[in-house]
Every structure is written in C-alpha cells, then in structure tokens.
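Read through the structure below, which is laid out as structure tokens, and then see the notes.
We name chains A, B, ... by the order of the sequence lines, and we start the count at 1 in each one. Nothing here was measured: the structure is a model prediction, and the numbers come from that model.
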2 protein chains.
Amino acid sequence: MLSRVNTRVLVVDDEAGVRKALERGLRAEGMDVVTAADGPSALRLARTGTFDALLLDIMLPGLSGYRVLQRLREEGVRTPVILVSAKDGEIDQADGLDLGADGYLVKPFSFVVLRAQLRAVLRRTGGDRARGVVRLGGLEIDRSAREVRFDGATVALSPREYALLETLARGAGTVLTKDDLLAEVWGDERAATRNVVEVYVGYLRRKLDAVGAGDMVRTVRGHGYQVTSG
Amino acid sequence: MLSRVNTRVLVVDDEAGVRKALERGLRAEGMDVVTAADGPSALRLARTGTFDALLLDIMLPGLSGYRVLQRLREEGVRTPVILVSAKDGEIDQADGLDLGADGYLVKPFSFVVLRAQLRAVLRRTGGDRARGVVRLGGLEIDRSAREVRFDGATVALSPREYALLETLARGAGTVLTKDDLLAEVWGDERAATRNVVEVYVGYLRRKLDAVGAGDMVRTVRGHGYQVTSG
DNA sequence: GACGTCGCTGAGAACACGCTGAGGAATCGT
DNA sequence: ACGATTCCTCAGCGTGTTCTCAGCGACGTC
C-alpha cells in the first residue's frame, strides 16, 4: 500500500487565503486537493468528473458558483457539490439546494462542520465513487452505462480494461505506478504480477488506437502510466 | 404520472405549534404528513420504513433526536433524515451528519429552506417513485395495471418477470449488476444464486422477442444488464 | 558500443461468464 | 384431484476474458 488513490476534492474560492487554509486542512485529512480561483477554471476542472466532491464558493469572478453548479448538472456531471456562501441569505440557500447542491455552508464556518458535511456527502455517494461522466479531451467514460466513447465512437472494453482505463482517467494528470494500478484495479491481493498491467495497457492502447485515441495513455519510464487530455 | 402516491414525511417536534405549522405547510406542498411529539413514538413510527423523509428535532422528551437517528441507522432503516436543532452548535452538526443525517436545519429556519432541503434529499434518494406509465422506446410499462406493451401488443409476464423488467426499466440507461437485481427483485433475505437472474433475463428476452423487442435487454459482460430505448 | 533494465507484444492455457434445456417443487385455478 | 403456471436449481456448452510466459526491442549508463 504505497501511494493509494485518495479522495479528490476540488476547492473553489477567489480568496487565496481561504484556498490555502482549506487545502492544508483537507490534505491533513488525507485527501487530494485541487484548487481553482474563478468560475471558468472551476467548470473546466469539474467537468472532467474526476473529483469525489466539490467545495464551491458562490461569489466568484467570471462565473458565479450557482452557474457553475447549474452547468455541471446540465452536462450530466453528478459530482457532489457543497456550496459556500459569504452571508446567510436564505433565498440563496433555497436556490442552491434546488439546483442540485448536496450541502451548504455559511462563512465563517468551522473546519469541524466542513469535515462533517464532506463526510456525509461522501458517505452518501459511498463506495459508488460518483456515477457521473468522466470527460478527458475527446474521451468520455459513462460510468452509469459503463460505456466508453471517443469522439462519439464507442469502444468495447472488457471489465478489466474498463476498470484500468477508469482508474487512469480518474487520476487524470498524475502518474500512477504499476503497483498503484495493481492495488486499485486488481485488488489488494498480491495475485498478479506487474507484467499484467503492461499487457492490459497494451490491450487498451490497441483498442483506443482503433478510434484515434492511441496516444492518450502515456508511459513514463521507470514510474508508471498517465492519461492526458491531449 | 397518473395515480401518484404522495410523499410521506414524518415530522417530529415536541412543540405542538411547530408541528402544526410544519404540517400545514408541507400538506400545502402536496405531501402526506404524520407527526410525533417524543422520541419513542418517533422511533416506532419511523422504523416501519414507510416514510420518504424524516424531519427530526434534536431536543425531544424520552429519547433525543440523535438517539432516534442512531437507532434507526443501526436497525438498517435508511430513510433520509433532516435534523433540526434549536441553536447553532457546531459540534452538534458534525455529530449529526456523521451519524447518518442527510441534512441539517437550525431554528429558526424559513420554510423556503426547509422545502429546499427536503427536495434535495428526496431527489437524491429518488423519492420520485412515481406510479404510472414508464415508456422506453416502443415499450410501455403500466405500473398501476401491471401491464407491459410493446408497440401496442401486450406481453404476458409472470410476477417475477414483471418485477425484473420494471427494475431494469427504472434504471434505464444504467447498468445494473446481478447483485443489484437480486437485492431489488428477489429481496435481501433470499439466498438465491446469481444464475436465477440469468434465467429470468432469458425468459424476458424470449417473451420480448415474440413482439419484436428482443434486443431491449442488453448484456454487459462482467458487469450486468441494461435496458436501452434502442 | 556493450550491457542491464524496462516495457511491449504474440501465443496459448486455464478460467470465468452467460445462456439454455431439463426437471423438480410449490402454488394456483378449476 | 388435476393440469397449468411459476419459481428455481443444476449441469453442460460455447465463447470471451484473464493471466503467464518467453522473446524482443527500446532506453539509459558506463
């Protein structure tokens, strides 16, 4: 159990201080944290569907937290969202929850409450690990239909191949070692050799190649594999 | 959506005035409301599992809201619960959410916020167990008449076959594993093997085939089954 | 340029998965 | 009581999938 794939949280706030504080706190809880400072970049990051939860401030430059949430839901992204508002406006609360938010916090909030809300939200979406759509470049992984498409063309994958691709895509951008992948995809049992990962990456590449996405899975020699949006 | 069964909400509060107000308000929303004034009776009512949501005050005579919630979860009752507290104690919120609450309100709260939380909670749990007709492509499932048609032709199904098809259709677009289906259609108590699902999918397909809908139930090897409109 | 390490791939054996026909037990309707 | 219906188990078959192995090429280092 070296570097497990942790819970991934996206923190969106325009104040750098708040971002830093939340990032540090959540990391201490053992979560992977990614931050964004404005609406558009929050939307861009969130729509990849690779997060387990979003912490979304309402007051944002570019695109309000409301709009970000609204857009995400429209696009079928069902990642749990906790809205954060600066002042206790009741109407705001109502609107936010109706838009599909899963929780609500009013500044200033204590870290204890934040952690509790996060846990509640994660418990609900449970081992399910969010049933939305993962998008990466032209690649689409529909987790509820268990279907993979690239530029519209569906790619038929075996269960193992699918699990591997999903795991790689969920860690989008980061390099996953073969041991990481063995633990995540093959389970904690030491039943399989490392070579099986290479074999299955090969299978994946061949099938992705057939639809023009051959170079999505990149080898990082000596370290592992990585999927990129290019 | 013909003969809809209303959403049933259990309201628990020791103050008669609060109970009355909430009852009137929620009824106006078209919900069925049952009230309880103390912990033990709340527990007795809630454990029947016939409610779509619980509105649970924390300060209660006999048994605190916490304990009621705790007991329910221990007993496997997963009805969504919104906790109501008299004062804004942070620790309370944290504890409550960790105990398995689905929402949290602080008195005094506006009805708008309450309604929003309720809706959010109901949306999540799919409290939308609408009766009526499910349509999928040429397929029609009349749930009140327990009748299935395809392009006008009725399909005679046994109870099990019907339950299976209905469950599959309700999850339209998503892949349901055999274990999902066993739990939903056969019930948790059953010690049925997974093969029975395969057998019944076979029965279904044969009957649907006879009216030209043979390819509606798709096998996703290694994952489960899925009904598609195509 | 030689060597060891690392990653890729084709072949093939073992296995798991899903489908089906047969049949037994229980229940229902007449 | 009788057949019809329903529910479920079982065993067998075909096929897809998983995984190991061995060989080979690519890469980096000295």
Nucleic acid footprint by protein, nucleotides 6-15 of chain C - heavy-atom cut-off 4.0 Å, B for base, S for sugar-phosphate alone: BSBBS-----
Pair A:R170 + A:E166: basic N to acidic O under 4.0 Å: yes
Residues in side-chain contact (heavy atoms from CB on, under 4.5 Å) contact with A:P40, at least two apart in sequence or another chain: A:D38, A:L63
Separation of atom CG in B:L165 from atom C1' in D:dT6, rounded to whole Å: 17 Å
More than 12 heavy atoms of other groups within 6.0 Å of B:R205 CZ: yes
Lys/Arg N to Asp/Glu carboxylate O, B:R73 vs B:D102, below 4.0 Å: yes
Nearest heavy atoms of B:T228 and B:R218, plus distance in Å: CG2-NE, 4.3 Å
Which residues share a ring-ring contact (aromatic ring centres under 6.0 Å, His included) with B:H223, sequence neighbours left out: A:Y162
Whole angstrom value for the distance that separates P of C:dC28 from CZ of B:R160: 13 Å
Under 4.0 angstrom between B:W186 side-chain N/O and D:dC8 OP1 or OP2: yes
A:S158 vs D:dT18: side-chain N/O to OP1/OP2 distance below 4.0 Å: yes
Separation of D:dG16 P from A:E161 CD (nearest whole Å): 13 Å
Nucleotide D:dT6, atom P - distance to CG of B:L204 in whole Å: 13 Å
B:Y200 vs A:L157, nearer the 5' end of DNA chain D by closest nucleotide: B:Y200
Between C1' of D:dA22 and CZ of A:R194, the distance in whole Å: 19 Å
